[in-house]
Amino acid sequence: MRTYIIRRLVQAIPTLFGITIISFLLMLAAPGDPVTLITFNPTSTPEGTAQLRRQLGLDQPPLVQYLYWLIGNDWVKIDVDGDGVGDVYGTRRGFLRGDLGQSLQHKRSVTELIVERVPATLQLTLTSLIVGYVIGIPLGIIAAINNRAWFDQLSRVLSVIGNAVPGFWLALILIIIFSVNLGWLPMGGMRDITRPAAETNILESIRYMIMPVSVLSLGIIATISRYMRAEVIEVLGQDYVRTAYAKGLSRRTIVFRHVLRNALIPIAALLGPGLGSLLGGAVITEQVFSWPGMGRLVVNGVFQRDYPLIMGSVVLGAVLYILGVLLSDVLYAWIDPRIRLE
Amino acid sequence: MATETRILELAEATEVYRSRSFWVDAMHHFVRDRLSMAALGMLVILTLICYVGPPVAENVLKVDVNRTNLTNRYTPPGQGNLLGTDHLGRDQFIRLLYGGRVSLSIAYTASVLSITIGVVVGIISGYYGGAVDDLIMWFINTLESVPTIFLLLIAATVWSPSAEVLILILGALGWVTTCRLVRGQVLSLKERDFMMAARAVGARDWWLMLQHILPNTLSIVIISLTINAGSLILIESGLSYLGLGVQPPTPTWGNMLTESRSYFVQGTHLVVWPGLLITLTVLCFYLVGDGLRDALDPRNVRGRT
């Protein structure tokens with residue numbers, strides 16, 4: 001098992017490099033210069049702008065820029081005043097040493113900014129994932145047991161609808177109904193910002209989470225229940241289930257002891273991409289409900305052409321995705337001895 | 001001689017008994033699936049209305065898609081305007097029709113584009129294997145591990161989005177799943193006897209790919225096309241919501257919804273209708289895709305009547 005995990009981690013390295021290269025190329029292709037955005041004030045001079053470009057390393061050829069991003073520039077002297085002679089050592093330590101650079105817009109470390117925002121996003125997405133599985137799995141089981149009956153048909157249509165509804169539209173409708181018309185739930189945000197954060201108790205933050213979590217978990221419920229249904233139906237057709245029936249076991253015992261154990265295994269494989277997309281999955285929902293998470297940070301970064309911030313979030317999101325898939329593969333291999341690790 | 005004819009007769013008889021080809025069989029299966037047929041019908045109707053309808057509606061209802069009327073804003077549906085008016089007093093019905101045209105065009109063309117890329121890359125990757133396959137798989141793994149929405153966000157800001165650019169972006173980012181499916185199919189096809197036979201009589205690589213592999217990926221292509229078109233409508237509307245889709249005043253269902261979010265207190269109908277149309281269209285695409293998957297699954301062939 002350990003060699004398997006190590007091998008998978010090693011395999012992830014080229015993927016990770018690919019991601020850094022792709023996102024870097026995209027940044028390069030972007031028109032508009034981040035420096036012009038920073039110096040968008042009347043007091044900036046051409047000399048000052050040029051100096052800023054040199055300080056940020058934007059005057060370097062793309063390959064060098066990429067290298068600085070990857071391994072930092074504290075080992076080269078940067079020519080700040082433009083006379084061709086290096087003056088001071090750079091300050092960036094590079095991605096490989098855990099430094100994602102400085103956000104141009106916030107003038108703070110990208111790592112810090114992301115770490116600050118991640119808990120809010122995880123709070124939202126993890127809850128939705130749990131809600132989605134907790135509702136989706138029983139729904140799929142019931143549909144499978146009542147194969148082709150009205151409940152099954154209903155759940156088929158509902159799950160397709162669940163995937164077809166645009167999340168932000170559903171969010172708007174929920175806001176119109178529950179916030180504007182009924183006034184039961186807050187329209188957005190994470191807590192009452194007129195009072196200090198410490199005064200917000202769990203019950204109150206739940207009120208802020210109800211709508212975003214419903215929107216996010218709907219798609220998960222739809223997907224999981226479909227998969228679960230298909231798995232249960234397949235397992236119900238297996239010989240060992242027929243044997244169990246022949247033994248005279250009750251339906252309940254068969255479903256819970258024999259069918260579920262086997263049907264749940266493939267669902268574990270879905271958990272990986274689910275975990276992996278936790279960071280990126282809520283971008284639009286966060287936007288609708290003004291949820292102060294990663295999604296809003298990235299969207300703002302994109303609009304402000306905050307390259308270090310975007311690069312950092314993309315790479316971090318990808319790392320999380322790779323780890324999520326790895327985790328679920330390991331889990332999968334662990335619970336199902338039939339899967340050989342080669 | 002006599003036995004030979006007898007065998008031939010027998011063979012023909014079996015042929016007659018099971019004469020329906022895979023495709024005819026699949027079609028029979030699909031036609032019997034009422035839900036999917038209804039969805040397909042709905043899609044055809046929606047498409048027709050959106051492409052043919054606008055000029056007709058403009059003449060019959062005496063409305064114009066771009067005419068604003070600030071004294072007549074947020075009219076609820078039914079009072080002079082079929083589906084009411086928006087924040088500039090424009091008729092919502094006609095805008096929905098024009099918007100549907102744009103949204104559906106984006107969905108159809110981007111879907112065709114991404115599937116084409118997926119099939120070509122998938123066949124090449126699966127057929128040649130080796131280093132080519134490794135390189136392509138590396139690229140696919142890379143693309144897959146970045147949250148798509150991040151890539152879309154970046155791409156949409158980098159190239160400011162007109163409908164055409166959006167199609168290119170969506171097409172360029174949406175081919176991965178199809179490519180994986182096609183590659184898997186090709187890998188199994190490669191080992192089949194008919195491939196060896198074709199190779200034995202001297203068929204070249206391009207002929208094998210075009211004549212023997214491509215037709216066998218057709219079911220994947222058809223299913224992916226419909227499902228993709230549905231997802232693309234959702235993605236387009238999501239991007240629009242973030243302000244990165246096709247820009248107003250060109251209407252799409254997505255950006256109509258985006259505009260409406262600022263005015264939903266005055267005009268709830270402006271939120272409801274574009275969203276309903278998006279949901280309905282995507283739902284139909286998914287149902288048709290589902291039905292096709294059932295119909296084209298070779299495991300379902302036996303036991304059909």
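Residue numbers start from 1 in every chain, and the chains themselves are labelled A, B, ... in the order their sequence lines are given, proteins ahead of strands. Computed from heavy atoms alone, side chains included, the values below leave out hydrogens, waters and symmetry copies.
- Each of A:N163, A:I173, A:V315, A:V157 has some count of heavy-atom pairs under 4.5 Å with chain B, and the biggest count is that of A:N163.
- Neither the backbone nor the side chain of A:V319 comes within contact range of chain B; no heavy atom of the residue lies under 4.5 Å from a heavy atom of that chain.
- Only the side chain of A:I310 comes within contact range of chain B, with at least one heavy atom under 4.5 Å from a heavy atom of that chain.
- Between A:F168 and B:L257, the shortest heavy-atom contact is CE1-CD2, 3.4 Å.
- Residue contact with chain B, scored on non-hydrogen atoms closer than 4.5 Å, involves the backbone and the side chain of A:I19 alike.
- Nearest heavy atom pair, residue A:G18 against residue B:T142, reads C-CG2, 3.3 Å.
- Nearest heavy-atom pair, B:L283 versus A:A164, reported as atom, atom and distance to 0.1 Å: N-CB, 3.6 Å.
- Closest non-hydrogen pair, A:W169 versus B:V272, comes out as CZ2-O, 3.5 Å.
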**Request:** Please report the C-alpha distance between A:V302 and B:F150 in whole Å, then the side-chain angles of each, then the deciding distance to 0.1 Å, and finally whether the side chain to side chain contact (heavy atoms under 4.5 Å, CB included) criterion is met.
**Result:** CA-CA 9 Å; A:V302 164; B:F150 284 8; over 6 Å; no
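- Remark: B:L242 CG to A:R296 CZ distance equals 11.0 Å, nearest 0.5 Å.
- Remark: A:Y227 OH is loosely packed, at most 12 non-hydrogen atoms of other residues, nucleotides or ligands lying under 6.0 Å away.
- Of all heavy-atom pairs between B:Y241 and A:L172, the closest is CE1-CD1, 4.5 Å.
- Note that the CG atom of A:L16 and the OG atom of B:S145 stand 8.0 Å from one another [nearest 0.5 Å].
- Both the backbone and the side chain of B:L276 come within contact range of chain A, each with at least one heavy atom under 4.5 Å from a heavy atom of that chain.
- With a 4.5 angstrom heavy-atom cutoff, A:I21 does not touch chain B via any of its atoms.
- Interface residue B:F139: only side-chain heavy atoms are found under 4.5 Å from chain A.
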